[in-house]
Amino acid sequence: MTMLLKRLRYIIALLSSMTILLVLYFQNSATLSFYSFVRKPKSHICLEDRGNSSWFSERYKPTVPLLLNSTNSELHANIFSWWKELQDVPNVTNYTEVVNQLFSLFPDEEHYSDAGPDRCRTCAVVGNSGNLLGSNYGQLIDSHDFVIRINKGPTEDYEKDVGNKTTHRILYPESAVDLNDNTHLVLLPIKVLDMQWLISAFTTKNITQTYTEVPSTIKASKDKVMILHPEFMRYVHDNWAEGHGRYPSTGFLALIFTLHICDKVNVFGFGANSNRNWHHYFDETLTSFESSSHGGDFENQTIYQLHQENKISMYKGLT
Ligand SMILES: *[C@@H]1O[C@H](CO)[C@@H](O)[C@H](O)[C@H]1NC(C)=O
Ligand SMILES: *[C@@H]1O[C@H](CO)[C@@H](O)[C@H](O)[C@H]1NC(C)=O
Ligand SMILES: *[C@@H]1O[C@H](CO)[C@@H](O)[C@H](O)[C@H]1NC(C)=O
Ligand SMILES: *[C@@H]1O[C@H](CO)[C@@H](O)[C@H](O)[C@H]1NC(C)=O
Ligand SMILES: *[C@@H]1O[C@H](CO)[C@@H](O)[C@H](O)[C@H]1NC(C)=O
Ligand SMILES: *[C@@H]1O[C@H](CO)[C@@H](O)[C@H](O)[C@H]1NC(C)=O
Ligand SMILES: *[C@@H]1O[C@H](CO)[C@@H](O)[C@H](O)[C@H]1NC(C)=O
């Protein structure tokens, strides 16, 4: 009898510990599925296997400052002297004073520090290559969260091939065009004067000349203005262009910038034509691939390597 009782007690103990285990198990899986629900599973477009590339990680520096603000504006001496060399205007104004003025006018904040495993931001970076003509990429380009365009590249009259959405436009005074209210003006400053022009364009409108005539003003939202960091330009020059050319092309800078603020990068309208000339979809200008101040060949190789490594996807249009 006592034997039987003992065995019964043993079985009950066993059963209850099993129950506890089961409860724990189900609780856990419930918590898990609850979390995966709350954390919003990453969309499949960002889940693709991006591989493990030492080539990429040797170059990609996630901590580089992308955009200038009042707290990160002080430049290391070697960066300042490199950047200063790019300027083909004789008098370099006091950089510190200009920066102070910039951030009394334009947003002074940290942008795009939200990278993380849960973010799935899709981006189209749209170059100005003639390979866009007849491509029918318009709808596809507009379906991205961010659409980053470069210099004067228009959308009007080319919507079918290039789309009509522009969240960011990277430009400098000599390539400036008017923007929609919902587009970020991203200044590529190649000289202090470019920053002064930006200030002037929204205030006194009295800078009308750099090395060439520039618009005295520009239609754009003041509270959406951003300025690429000179240290970022130097980083792209050193790490990605490996010192080729005097400084990186706007398109190449735009592409690496996009790589830093987005999780899925699709690249449109990059590439020279068969005669190794850069040509635009919107005009007849031809620029030789080699003879510019940019390392065209090397930039091209790097972009193809990024594609090979699955970090970007190239859409080549009709080439
Ligand atoms: C990628 O490779 C490096 C070095 O080979 C290794 O330390 C790292 O754990 C790998 N990461 C992944 C996600 O496989
Ligand atoms: C450059 O220096 C000259 C002479 O000091 C001055 O007249 C001119 O306004 C300066 N330009 C800019 C853009 O500051
Ligand atoms: C530049 O301006 C800052 C702030 O006004 C001042 O402290 C600094 O001495 C100036 N530097 C030069 C070289 O004039
Ligand atoms: C400026 O940007 C840096 C990152 O480059 C960030 O750490 C800092 O908080 C930003 N400062 C302001 C005022 O937003
Ligand atoms: C872009 O095109 C779409 C559809 O073709 C249209 O609905 C939208 O209003 C256009 N947006 C702009 C900013 O032109
Ligand atoms: C533009 O106007 C400002 C303020 O009146 C003045 O300080 C500056 O020197 C002017 N710049 C040019 C290039 O005329
Ligand atoms: C760019 O690089 C790719 C891949 O190496 C090559 O096929 C293409 O011809 C290059 N373009 C130019 C204009 O050299």
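Remember, it's a predicted structure, so these values are computed and weren't measured experimentally. Note that ligands are numbered from 1 as they come in the structure, with each ligand's atoms numbered from 1 the same way. Heavy atoms only: backbone and side chains are in, while hydrogens, waters and symmetry mates are out.
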For [atom], which protein heavy atom lies nearest, and how many Å away is it?
atom	answer
atom 11 (N) of ligand 4	T71 OG1, 2.6 Å
atom 4 (C) of ligand 4	E110 OE2, 3.7 Å
atom 3 (C) of ligand 3	N94 ND2, 3.7 Å
atom 2 (O) of ligand 4	N69 ND2, 2.3 Å
atom 5 (O) of ligand 4	N72 ND2, 3.0 Å

(Q) Run F282 and Y158 through ring pair (Phe, Tyr, Trp, His ring centres under 6.0 Å) and show every step you take. (A) CA-CA 8 Å; F282 53 89; Y158 298 94; 7.2 Å; no
Q: Would you kindly confirm whether F270 and I261 end up in one hydrophobic cluster when ILVMFWY residues are joined by side chain heavy atoms under 4.5 Å apart?
A: yes
(Q) Would you say that I256 contacts F232 through its side chain, given a criterion of any heavy-atom pair below 4.5 Å between the two side chains? (A) yes
(Q) Would you say that E231 contacts N72 through its side chain, given a criterion of any heavy-atom pair below 4.5 Å between the two side chains? (A) no
Q | Contact bool for atom 9 (O) of ligand 3 (protein heavy atom, d < 4.0 Å) | A | no
Q | Evaluation steps, ring pair (Phe, Tyr, Trp, His ring centres under 6.0 Å), between H168 and F146 | A | CA-CA 7 Å; H168 300 69; F146 286 177; 4.8 Å; yes
Q. Of the options N266, V125, V265, T258, which is the one that meets I312 in a side-chain contact (heavy atoms from CB on, under 4.5 Å)?
A. V265
Q | Numbered atoms and elements of ligand 3 in range of E97, under 4.0 angstrom, heavy atoms | A | 2 (O), 4 (C), 5 (O)
(Q) Geometry only, no angles: is S70 polar-contacting ligand 4 at N/O separations under 3.5 Å? (A) no
Q) Thinking salt bridges, do D263 and R119 make one under a 4.0 Å N-O criterion? A) yes
Q: For N206, counting its heavy atoms only, list the atoms of ligand 6 lying under 4.0 Å from any of them.
A: 1 (C), 2 (O), 3 (C), 8 (C), 10 (C), 11 (N), 12 (C), 14 (O)
